[in-house]
Amino acid sequence: MIKLLIADSQTLIRQSLEITLNNQDNLSVIASVSTGQEILDHIRQKIPDMILMDIRMPEIDGIQCIKIVKEQYPQIKILILTTIENDNFVFHAFKNGVNGYLLKGVSMDELVSAIDSVYNGQTVMHPVIAAIFLQLFSKMARADQSIPIHKEQVKELSNPEWKVIKQVGNGLSNKEIAQKLHY
């Protein structure tokens with residue numbers, strides 16, 4: 001049973017989601033709140049498996065709330081359900097650790113499927129959000145940004161760490177690096 005916390009400032013949306021999602025065999029809505037502060041207050045009392053939340057909320061906005069939740073409770077999955085398709089919100093949501101980002105135009109079947117996917121460790125994105133995400137990624141890749149490294153940190157790296165860094169520089173994925181270095 002997936003324990004859900006629903007967070008949306010609009011009462012009708014919140015109540016509709018709660019009624020509909022509670023009728024699913026594998027879902028249980030443990031709370032329904034309207035502000036970012038209420039999310040934080042509630043999870044201090046009872047930790048959900050997942051938060052289904054809008055990105056724009058009163059008191060503490062969604063971006064800040066994601067950051068706080070992920071810092072304090074990294075095991076909680078967060079799925080955004082919103083009308084906002086602004087690239088700034090998308091960037092900061094994923095930067096702060098959101099697990100999925102959907103637009104409110106999705107069907108209930110798509111939402112339930114997305115909840116299951118996120119709960120099982122996958123990332124889900126509405127196609128519009130995926131396009132924005134790819135544009136942002138492409139822009140960042142073209143910027144050829146370097147990461148500043150302090151000399152004292154470099155001295156502390158072990159030989160195995162240097163081997164991994166070299167493979168990352170070659171563009172290998174985590175799985176490919178593990179196979180190549182026999183980890």
Side-chain angles (χ1 to χ4, degrees), residues 2-24 26-27 29-43 48-145 147 173:
I2 302 170
K3 297 179 293 186
L4 288 173
L5 170 62
I6 296 173
D8 196 298
S9 61
Q10 296 179 352
T11 304
L12 180 61
I13 299 290
R14 209 172 49 250
Q15 290 174 345
S16 299
L17 285 169
E18 184 174 2
I19 291 167
T20 307
L21 293 174
N22 264 331
N23 284 324
Q24 300 294 316
N26 64 331
L27 303 177
V29 177
I30 61 171
S32 176
V33 300
S34 62
T35 71
Q37 185 60 54
E38 287 175 338
I39 291 173
L40 300 177
D41 292 344
H42 182 79
I43 62 176
D49 297 314
M50 183 181 305
I51 300 171
L52 179 64
M53 65 184 277
D54 197 347
I55 198 83
R56 187 174 291 157
M57 291 187 299
E59 294 179 18
I60 299 175
D61 77 348
I63 298 297
Q64 188 63 28
C65 192
I66 293 165
K67 184 177 181 179
I68 294 167
V69 169
K70 287 299 189 171
E71 286 173 354
Q72 296 178 9
Y73 306 91
Q75 76 279 14
I76 296 177
K77 310 285 189 192
I78 300 176
L79 177 59
I80 298 299
L81 181 63
T82 189
T83 58
I84 307 211
E85 49 187 273
N86 175 298
D87 60 353
N88 191 42
F89 281 101
V90 171
F91 173 78
H92 283 85
F94 281 99
K95 177 183 174 195
N96 287 305
V98 78
N99 302 97
Y101 198 117
L102 296 177
L103 297 178
K104 285 184 177 173
V106 298
S107 71
M108 191 52 67
D109 288 340
E110 291 170 314
L111 177 59
V112 170
S113 176
I115 290 169
D116 286 334
S117 295
V118 167
Y119 179 75
N120 289 308
Q122 299 173 344
T123 301
V124 296
M125 284 186 237
H126 188 278
V128 170
I129 300 306
I132 291 169
F133 190 82
L134 288 173
Q135 288 173 351
L136 288 168
F137 180 78
S138 177
K139 192 183 301 182
M140 287 170 42
R142 285 191 311 266
D144 194 29
Q145 297 175 349
I147 300 170
S173 69

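Hydrogens, waters and symmetry mates play no part in the numbers below; they use all other heavy atoms, side chains included.
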Item to check | Gln15 vs Asp8 side-chain heavy atoms within contact, under 4.5 Å | outcome: no
Checklist entry - So, the side chain of Ser113 versus the backbone of Asp109: is there a donor-acceptor pair under 3.5 Å, distance only? => result no
Checklist outcome for this item: In this structure, CE of Met57 is separated from CD1 of Ile39 (nearest 0.5 Å) by 3.5 Å
Checklist outcome for this item: CG (Leu21) and CG (Leu52) are apart, to the nearest 0.5 Å, by 6.5 Å
Item to check | Interatomic spacing from CG in Asp49 to CD in Gln75 - rounded to 0.5 Å | outcome: 9.0 Å
Next on the checklist: Out of the candidates Asn99, Ile51, Ile115, only one should pair with Leu79 under the side chain to side chain contact (heavy atoms under 4.5 Å, CB included) rule; please name it.
Outcome noted: Ile115
Checklist outcome for this item: So NE2 of His126 and CG of Leu103: to nearest 0.5 Å the spacing works out to 4.5 Å
Checklist entry - Do Glu110 and Leu102 come within less than 4.5 Å of each other through their side chains, counting heavy atoms only? => result no
Next on the checklist: Can you confirm whether Arg56 sits close enough to Thr82 that some side-chain heavy atom of one is under 4.5 Å from a side-chain heavy atom of the other?
Outcome noted: no
Item to check | For Gly62 against Met53, the heavy-atom pair lying closest together | outcome: CA-CE, 3.5 Å
Next on the checklist: So, taking the atom named CD in Gln72 and the one named CD1 in Ile68, what distance separates them when rounded to the nearest 0.5 Å?
Outcome noted: 7.0 Å
Checklist entry - When rounded to the nearest 0.5 angstrom, what is the spacing between OG1 in Thr83 and CD in Gln10? => result 7.5 Å
Checklist entry - Quick one: are Leu4 and Leu17 in side-chain contact, heavy atoms under 4.5 Å? => result no
Item to check | Heavy-atom check, side chain of Ile19 versus side chain of Val29, under 4.5 Å | outcome: no
Checklist outcome for this item: In terms of heavy-atom contacts, Ser32 and Arg14 come closest through OG-CG, 2.7 Å
Item to check | Option from Ile84, Val90, Leu81 for which side chain to side chain contact (heavy atoms under 4.5 Å, CB included) with Ile55 holds | outcome: Ile84
Checklist entry - If every non-hydrogen atom of Lys77 is compared with every non-hydrogen atom of Gly121, which pair is closest and at what distance? => result NZ-CA, 4.2 Å
Item to check | Distance-minimising heavy-atom pair for Phe94 and Met125 | outcome: CZ-CG, 3.7 Å
Checklist outcome for this item: Shortest non-hydrogen pair, Ile43 vs Pro48, comes out as CG2-CD, 3.4 Å
Next on the checklist: If you count every heavy atom of other residues, nucleotides or ligands that lies below 6.0 Å from Lys67 atom NZ, does the total exceed 12?
Outcome noted: no
Item to check | Note, Ile78 side chain near Asn96 side chain (heavy atom, < 4.5 Å) | outcome: no
Checklist entry - With a 4.5 Å limit on heavy-atom distance, are the side chains of Lys104 and Ile13 in contact? => result yes
Checklist entry - Phe89 and Ile63: which non-hydrogen atoms are nearest, and at how many Å? => result O-CD1, 3.6 Å
Next on the checklist: Side chains of Ser34 and Glu38: any donor to acceptor distance under 3.5 Å?
Outcome noted: yes
Next on the checklist: Less than 4.5 Å apart, side chain to side chain, heavy atoms only: is that true for Ile60 and Thr35?
Outcome noted: no
Item to check | Flag if over 12 foreign heavy atoms under 6.0 Å of NZ, Lys95 | outcome: no
